[in-house]
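Here the structure is a predicted model, which means the values were calculated and not measured. Counting from 1, the numbers follow the sequence of the chain as shown.
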Amino acid sequence: PGYAMKQKPHKILFVCLGNICRSPAAEAVMQQLVDRAGLHDNFVIDSAGTYGGHAGEPADRRMRQAASKRGYALTSRSRKITPDDFETFDRIVVMDDSNSERVPRLAPSTEAAAKIYRMVAFCRRSDATYVPDPYYEGHEGFELVLDLLEDACEGLLEDLVKQE
């Protein structure tokens with residue numbers, strides 16, 4: 001579907017622990033939805049982690065493989081979220097309880113902390129309470145994460161388009 005949007009671009013940052021599984025996958029899923037809707041110029045999409053130990057690394061090989069089978073290319077490099085991200089992004093979307101606890105501590109103000117959302121809040125089909133970390137799981141864990149991210153990204157795009 002083609003959506004007509006105006007105003008400044010929506011700037012979205014997806015955040016998980018290491019920025020090697022869930023958040024880069026969310027970034028790729030959302031980017032593909034935006035591109036398919038012809039809204040590329042209306043969005044800035046990125047991802048980061050609360051842990052910087054994987055900084056500069058590509059997404060986990062298993063997540064790249066699972067995503068590739070669904071037509072997503074995970075091309076971003078891991079980075080740690082910074083306080084500057086609260087200035088840059090309109091929405092900071094976190095994957096789980098740990099992220100929900102850590103990310104607000106980085107916010108420079110209560111207004112900045114108000115930009116934080118839970119990924120599952122945008123799910124339309126699932127009643128999951130968080131997006132689980134698939135790092136120590138088998139193949140099914142990566143598939144479940146992709147199912148949740150596709151659902152949530154569709155809901156997030158729908159919410160943003162409604163605001164226009």
Side-chain angles (χ1 to χ4, degrees), residues 1-50 55-60 63-64 66-96 99-100 102-104 106-128 130-131 142 145-164:
Y3 301 106
M5 292 180 72
K6 50 185 175 30
Q7 81 177 35
K8 62 181 177 130
H10 294 285
K11 296 176 182 174
I12 304 166
L13 180 68
F14 295 105
V15 179
C16 68
L17 176 62
N19 191 215
I20 58 169
C21 292
R22 296 169 290 174
S23 55
E27 178 184 354
V29 169
M30 189 69 179
Q31 189 65 60
Q32 187 174 100
L33 286 172
V34 163
D35 291 348
R36 284 186 176 164
L39 298 172
H40 180 80
D41 293 341
N42 298 87
F43 284 84
V44 174
I45 303 165
D46 196 3
S47 63
T50 58
E57 295 179 15
D60 183 279
M63 181 54 86
R64 289 194 320 261
S68 177
K69 289 179 182 166
R70 296 187 187 205
Y72 304 112
L74 278 58
T75 58
S76 63
R77 294 284 176 164
S78 177
R79 71 176 185 88
K80 187 175 180 183
I81 187 173
T82 68
D84 289 345
D85 288 324
F86 288 90
E87 295 283 324
T88 304
F89 294 94
D90 308 316
R91 290 187 184 224
I92 297 175
V93 184
V94 299
M95 301 295 154
D96 63 25
N99 310 144
S100 291
R102 288 179 167 184
V103 173
L106 297 171
S109 66
T110 53
E111 293 81 18
K115 296 179 175 188
I116 302 167
Y117 297 83
R118 292 178 68 88
M119 189 76 192
V120 293
F122 301 104
C123 286
R124 301 293 193 256
R125 297 181 297 277
S126 172
D127 59 358
Y130 65 98
V131 180
F142 291 92
V145 166
L146 287 166
D147 289 344
L148 291 171
L149 295 178
E150 287 174 342
D151 182 10
C153 286
E154 289 169 9
L156 175 56
L157 181 57
E158 188 178 300
D159 278 3
L160 292 170
V161 169
K162 278 183 194 172
Q163 291 177 11
E164 295 299 314

Please evaluate residues H40 and Q31 with respect to the criterion side chain to side chain donor-acceptor pair (under 3.5 Å), reporting the C-alpha separation (whole Å), side-chain torsions for both, the decisive distance (0.1 Å), and the verdict. CA-CA 8 Å; H40 180 80; Q31 189 65 60; 3.3 Å; yes
Distance-only, no hydrogens or angles: does the [X] side chain make a donor-acceptor pair with backbone N or O of [Y] under 3.5 Å?
X	Y	answer
D90	K11	yes
R124	F122	yes
R77	E57	no
R22	V131	yes
D151	R125	yes
S23	A48	yes
D60	I20	no
R64	A59	yes

Compare all side-chain heavy atoms of [X] with those of [Y] and state whether any distance is below 4.5 angstrom.
X	Y	answer
D127	V120	no
S109	F86	no
L148	M119	no
M30	F14	yes
V29	Y72	yes
V103	I81	yes
I116	R91	no
M95	L149	yes

About how many Å separate SG of C21 and CZ of F142, when rounded to the nearest 0.5 Å? 4.5 Å
How long is the span from the CD atom in E150 to the CD atom in E154, to the nearest 0.5 Å? 7.0 Å
What are the two closest non-hydrogen atoms of [X] and [Y], and how far apart are they?
X	Y	value
V44	P9	CG2-CB, 4.3 Å
F89	D46	CZ-CB, 3.6 Å
S76	S47	OG-OG, 3.9 Å
D85	K80	OD2-O, 4.4 Å
V94	N99	CB-CB, 3.5 Å
L146	A67	CD1-N, 3.7 Å

Trace of the side-chain contact (heavy atoms from CB on, under 4.5 Å) decision for R102 with L17: CA-CA 10 Å; R102 288 179 167 184; L17 176 62; 3.4 Å; yes
Test D147 against R70 for salt bridge (Lys or Arg N to Asp or Glu O under 4.0 Å), laying out the working first. CA-CA 10 Å; D147 289 344; R70 296 187 187 205; 2.8 Å; yes
Result for side chain to side chain contact (heavy atoms under 4.5 Å, CB included) between C153 and one of I45, V34, L33, V93 points to L33
A quick test of your reading: do over 12 heavy atoms of other residues, nucleotides or ligands sit less than 6.0 Å from OH of Y117? yes
Could you check L13 against V15 for side-chain contact (heavy atoms from CB on, under 4.5 Å), going step by step and ending with a plain yes or no? CA-CA 6 Å; L13 180 68; V15 179; 4.0 Å; yes
